[in-house]
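These numbers come from the heavy atoms of this one structure, side chains and all, not from hydrogens, waters or symmetry mates. As the structure lists them, so they are numbered: ligands from 1, and atoms in each ligand from 1.
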Amino acid sequence: MKLLVTGGAGYVGSVCAARLIESGHEVVVLDDLSTGHADAVPSGARFVEGDINEVIGSVLAEGFDGVLHFAAKSLVGESMVDPAKYWQGNVVTSLRLLDAMREHGTPRLVFSSTAATYGEPEEVPIAESAPTRPTNTYGATKLAIDHAITSYAAAHGLAAVSLRYFNVAGAHGPVGERHAVETHLIPLVLQVALGQREQIQIYGEDWPTEDGTCVRDYIHVTDLADAHLLSLEHAVAGEHRIYNLGNGTGFSVKQVIDTCREVTGHPIPAVIAPRRAGDPAVLVASSERARTDLGWKPERADLTGIVRDAWEFTRSRQEA
Ligand code: UFG
C-alpha cells in the first residue's frame with residue numbers, strides 16, 4: 001500500500017514507518033519537526049516537512065491507500081497548563097486531516113489514541129467497553145478525535161482503527177525515544193544511569209497500590225508498530241474499531257526503577273516527590289480484542305527486555 005505517516009519523525013511514528021517499509025509498503029512521512037527529528041525518518045521513506053493544516057490537501061491529492069496519524073501533542077502535564085495547544089494541535093488538526101481524506105477519497109485511517117481516554121478505571125485490566133472519563137486534557141482531546149472518527153466512518157465509509165496505547169517504551173534498533181523535554185519514566189531513569197541527571201523523582205508514594213507508587217502497563221514499541229500493520233489489513237469500510245494495546249501486566253514506578261538498576265548496573269538514586277496532576281493510579285490494558293480480531297500477540301512483553309532495548313539505544317546515542 002501507499003501510506004502517509006503523519007508524525008513519522010517522532011518516536012512511535014518513525015518506528016512504525018520503519019516497520020511499514022520493512023513489510024514492503026511505500027511510505028511518505030509528513031512531519032513539521034516541532035518535536036520530531038528529521039534523522040529519525042527511515043531512509044526508505046519520502047519526507048515532506050510541513051504543517052498538516054497547511055499541506056495535507058496537496059499531499060493527499062497524489063493518492064494514498066491510507067493514513068497513519070501519529071502527529072500530536074502528547075505531554076499530559078503540558079496539556080493541563082496549555083490546553084489550547086492540545087485542542088488546536090490535536091483536535092483541530094485531526095479534523096482538517098479527516099476532511100482532506102474525505103475530499104481525496106483516502107480509504108483507511110489508523111489513529112494513535114491513548115489509554116488516557118479512560119481516566120481512572122473502575123476495573124483493571126481495562127477493556128475497550130470501559131467508561132471514558134479522561135483525567136487530563138491530553139486524553140480528552142484524543143477522545144474527541146476518536147468520536148469524530150466514529151462519525152466520519154459511519155457517514156463517509158472510512159475504514160478506521162484507533163489504537164489506544166498504554167505506556168510505550170523500548171527501541172527498534174537505532175530508532176528510540178528522544179524528546180527535547182523528556183517527561184517519561186524509563187528515559188528519565190536511564191538519564192540518571194548515564195550521569196545526565198542526579199536522581200529520579202517518584203511522583204507520589206501514597207497511591208492506592210501495593211507499594212504506593214503508580215502502576216502502568218509497558219509495551220515494546222516494535223510490538224506496538226506490528227499492531228498498526230495488522231490494523232491496516234483488518235480495517236473495514238464504514239467501521240471504526242478501537243483496540244487497547246498493552247501487555248496486561250502492571251509495573252509500579254518502583255519496580256521500573258529496580259529493573260533499570262538491574263539492566264544498567266547503576267544504583268539510580270530515587271527521591272519521593274509530590275503527585276503529578278492528571279496521573280491515574282493504575283493503567284493496565286486488556287488487549288483481548290486486539291488478540292482476537294487482529295491476531296496481534298506481543299512478542300517482547302518482558303519488562304527487562306524492554307528496558308534493555310531502551311538502554312542500548314540511549315547508550316548508542318551517547319556514543320554517537
Ligand atoms: N513518573 C515518575 N517520575 C518521573 C516521571 C514519571 O514517578 O520523573 C511516573 C508517573 O507519575 C507515572 C509513571 O511514572 O505514574 C509513568 O509516567 P510517564 O510520564 O512515563 O507516562 P504516563 O503514564 O504519564 O503517560 C503515558 C503517555 C501518555 C499515555 C499514557 C497512557 O505519555 O501519552 O502513558 O498510559 F496516555
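Nearest to atom 25 (O) of ligand 1 among the protein's heavy atoms is N167 ND2, 3.9 Å. Looking at atom 29 (C) of ligand 1, its nearest protein heavy atom turns out to be T114 OG1, 3.3 Å. In terms of protein heavy atoms, atom 11 (O) of ligand 1 is closest to D279 OD2, 2.5 Å. H184 NE2, 2.7 Å is the protein heavy atom nearest to atom 32 (O) of ligand 1. Of all protein heavy atoms, the one closest to atom 7 (O) of ligand 1 is Y203 N, 2.9 Å. Of the protein's heavy atoms, R276 NH2, 3.4 Å lies nearest to atom 17 (O) of ligand 1. For atom 33 (O) of ligand 1, the closest heavy atom belonging to the protein is Y138 CE2, 3.1 Å. Counting protein heavy atoms only, atom 13 (C) of ligand 1 is closest to V253 CG2, 4.0 Å.
Environment of CD in E123: sparse, with no more than 12 heavy atoms of neighbouring residues, nucleotides or ligands closer than 6.0 Å. In this structure, E22 places its CD atom where more than 12 heavy-atom neighbours from other residues, nucleotides or ligands lie under 6.0 Å away.
Within ligand 1, the atoms closer than 4.0 Å to a non-hydrogen atom of I202 are 7 (O), numbered from 1 in the order shown. Contact atoms of ligand 1 toward T183: 5 (C), 19 (O) (distance under 4.0 Å to a heavy atom of the residue). The C214 neighbourhood of ligand 1 comprises atoms 15 (O), with distances under 4.0 Å to a heavy atom of that residue. Set against the non-hydrogen atoms of Q201, the atoms of ligand 1 under 4.0 Å away are 2 (C), 3 (N), 4 (C), 7 (O), 8 (O). Residue I200 has at least one heavy-atom neighbour below 4.0 Å for each of these atoms of ligand 1: 8 (O). When each atom of ligand 1 is checked for a heavy atom of L283 under 4.0 Å away, the hits are 31 (C), 35 (O). Atoms of ligand 1 found under 4.0 Å from any heavy atom of A115 (numbered from 1 in listed order, with element): 31 (C), 35 (O).
Using a cutoff of 4.0 Å between basic side-chain nitrogens and carboxylate oxygens, E122 and R133 are scored as salt-bridged. With respect to the salt-bridge test (charged N to carboxylate O, under 4.0 angstrom), the residues E128 and R241 do not qualify. Residues R46 and E62 are paired through a salt bridge, judged by an N-O separation under 4.0 Å between the basic side chain and the carboxylate. Taking 4.0 Å as the cut-off between side-chain N and carboxylate O, D39 and R178 count as a salt-bridged pair.
Close N/O approach between R216 and ligand 1 is found [any backbone or side-chain N/O within under 3.5 Å].
Classification of the F70-H228 ring pair by plane angle, with boundaries at 30° and 60°, yields tilted.
One N or O on the side chain of S287 and one on the backbone of N244 form a donor-acceptor pair closer than 3.5 Å.
For K2 and F64, the positive end sits near the middle of the six-membered ring, less than 6.0 Å away and at most 45° from its axis.
Between atom CG of residue L190 and atom CG of residue L185 there is a gap of 9.0 Å, rounded to the nearest 0.5 Å.
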